[in-house]
> 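Handing you a structure now.
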Amino acid sequence: MAISGTNLNPEGADPAIIAYIAAENEKDPSPLNTLMLTEPDIDAADLEKIEIPVLVTAGSADVILEDHTNLIADRLPNSELVILDGEDHGSYIQDSEIMGNLLIDFLQEHNY
């Protein structure tokens, strides 16, 4: 499995981004904004039950806090963490070969 820029709860995201979304949602309520302010709601302890290899990626300038990404990787018993220097929440995925290469390497390393 591979996860990118993932959070367990809204507190895992940059507080300035959450404040901005909250302010926008007060002016013009949106189901998507409400979702981002309330979800996900995953207990970090539940990650310990995932036994398959997991590639955990994020950008160094991601909207997901690096400490939060580290928490996720630490709780997954068979994870590999890659923080991509200078990348944001989607720059290493959209119109980029970076994620594809990471996935190929990860899958080959685990004989998939």
> Is the closest side-chain heavy-atom distance between N78 and E51 below 4.5 Å?
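N78 vs E51: side chains apart.
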> Donor-acceptor pair, S60 side chain versus G86 backbone, under 3.5 Å?
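A pair under 3.5 Å: yes.
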> Looking at residues at least two apart in the chain, or sitting in another chain, which of them share a salt bridge (charged side-chain N to carboxylate O under 4.0 Å, His left out) with E109?
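Partners of E109 by the salt bridge (charged side-chain N to carboxylate O under 4.0 Å, His left out) criterion come out as none, since no residue qualifies.
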> When you compare the side chain of I52 with that of I50, does any pair of heavy atoms fall below 4.5 Å?
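Contact flag for I50/I52 side chains = yes.
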> Kindly indicate, with the supporting measurements, whether the criterion side-chain contact (heavy atoms from CB on, under 4.5 Å) is fulfilled by N25 and S30.
CA-CA 6 Å; N25 205 43; S30 153; 3.9 Å; yes
> Show your reasoning for whether side-chain contact (heavy atoms from CB on, under 4.5 Å) applies to I21 and L37.
CA-CA 8 Å; I21 293 169; L37 295 170; 3.8 Å; yes
> Taking a hydrophobic cluster as the set of Ile, Leu, Val, Met, Phe, Trp and Tyr residues connected by side-chain heavy atoms closer than 4.5 Å, whether directly or through intermediates, do F106 and L76 fall within one such cluster?
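Different hydrophobic clusters.
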> Please check this pair: side chain of S96 against backbone of I93, looking for a donor-acceptor N/O pair closer than 3.5 Å.
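No; zero donor-acceptor contacts below 3.5 Å.
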> Side-chain contact test, heavy atoms from C-beta onward, threshold under 4.5 Å: evaluate it for L8 versus P40 and give yes or no.
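A side-chain contact is absent here, since even the closest heavy-atom pair is not under 4.5 Å.
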> Going by distance alone, is a donor N or O of one side chain under 3.5 Å from an acceptor N or O of the other, for D62 and H89?
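The answer is yes; a qualifying pair exists.
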> Main chain of A13, side chain of H68: is a donor-acceptor contact present, judged purely on distance under 3.5 Å?
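Absent.
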> Looking only at heavy atoms, what is the nearest atom pair of A73 and S79, with distance?
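Closest pair (atom of A73, atom of S79, distance): O-OG, 2.7 Å.
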> Checking the side chain of N101 only, and the main-chain atoms of E97 only, is there a donor and an acceptor separated by less than 3.5 Å?
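Yes; judged by distance alone, with no hydrogens or angles, the pair exists.
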> If hydrophobic clusters are built from ILVMFWY residues whose side chains come within less than 4.5 Å, do L65 and I42 share one?
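Cluster IDs for L65 and I42 differ.
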> So which pairs with a foot in residues 35-46 pass side-chain hydrogen bond (donor to acceptor under 3.5 Å, both in side chains), sequence neighbours left out?
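Pairs touching residues 35-46 that pass the test: D46-K49.
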> So V82 and V56, side-chain contact (heavy atoms from CB on, under 4.5 Å) or not? Walk me through it.
CA-CA 6 Å; V82 178; V56 179; over 6 Å; no
> How far apart are the closest heavy atoms of G5 and Y92, and which atoms are they?
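Scanning both residues, the minimum pair turns out to be N-OH, 3.6 Å.
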> Please tell me whether I3 and L84 are part of a single hydrophobic cluster in this structure, the criterion being side-chain heavy atoms less than 4.5 Å apart.
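In one cluster with I3: L84, no.
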> I'd like to know if I64 and L47 are part of one continuous hydrophobic network [Ile/Leu/Val/Met/Phe/Trp/Tyr, side-chain heavy atoms within less than 4.5 Å].
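Cluster IDs for L47 and I64 differ.
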> Apply side-chain contact (heavy atoms from CB on, under 4.5 Å) to the pair T57 and M99, showing each step before the final yes or no.
CA-CA 9 Å; T57 63; M99 191 64 185; 3.7 Å; yes
> Hydrophobic clusters here meaning ILVMFWY residues chained together by side-chain heavy-atom distances under 4.5 Å, can you tell me if L102 and I104 are in one?
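Unlinked, L102 and I104 end up in two clusters.
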> Please tell me if the side chains of M1 and L55 come closer than 4.5 Å, counting only heavy atoms from C-beta onward.
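The answer is no, as the side chains (C-beta and beyond) never meet within the 4.5 Å cut-off.
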> Using modelled atom types and a 3.5 Å cut-off, is there a donor and acceptor pairing between side-chain atoms of N70 and backbone atoms of E66?
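Such a contact is found between N70 side chain and E66 backbone.
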> Who passes salt bridge (charged side-chain N to carboxylate O under 4.0 Å, His left out) against E48, sequence neighbours left out?
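With neighbours one apart ignored, the set is R75.
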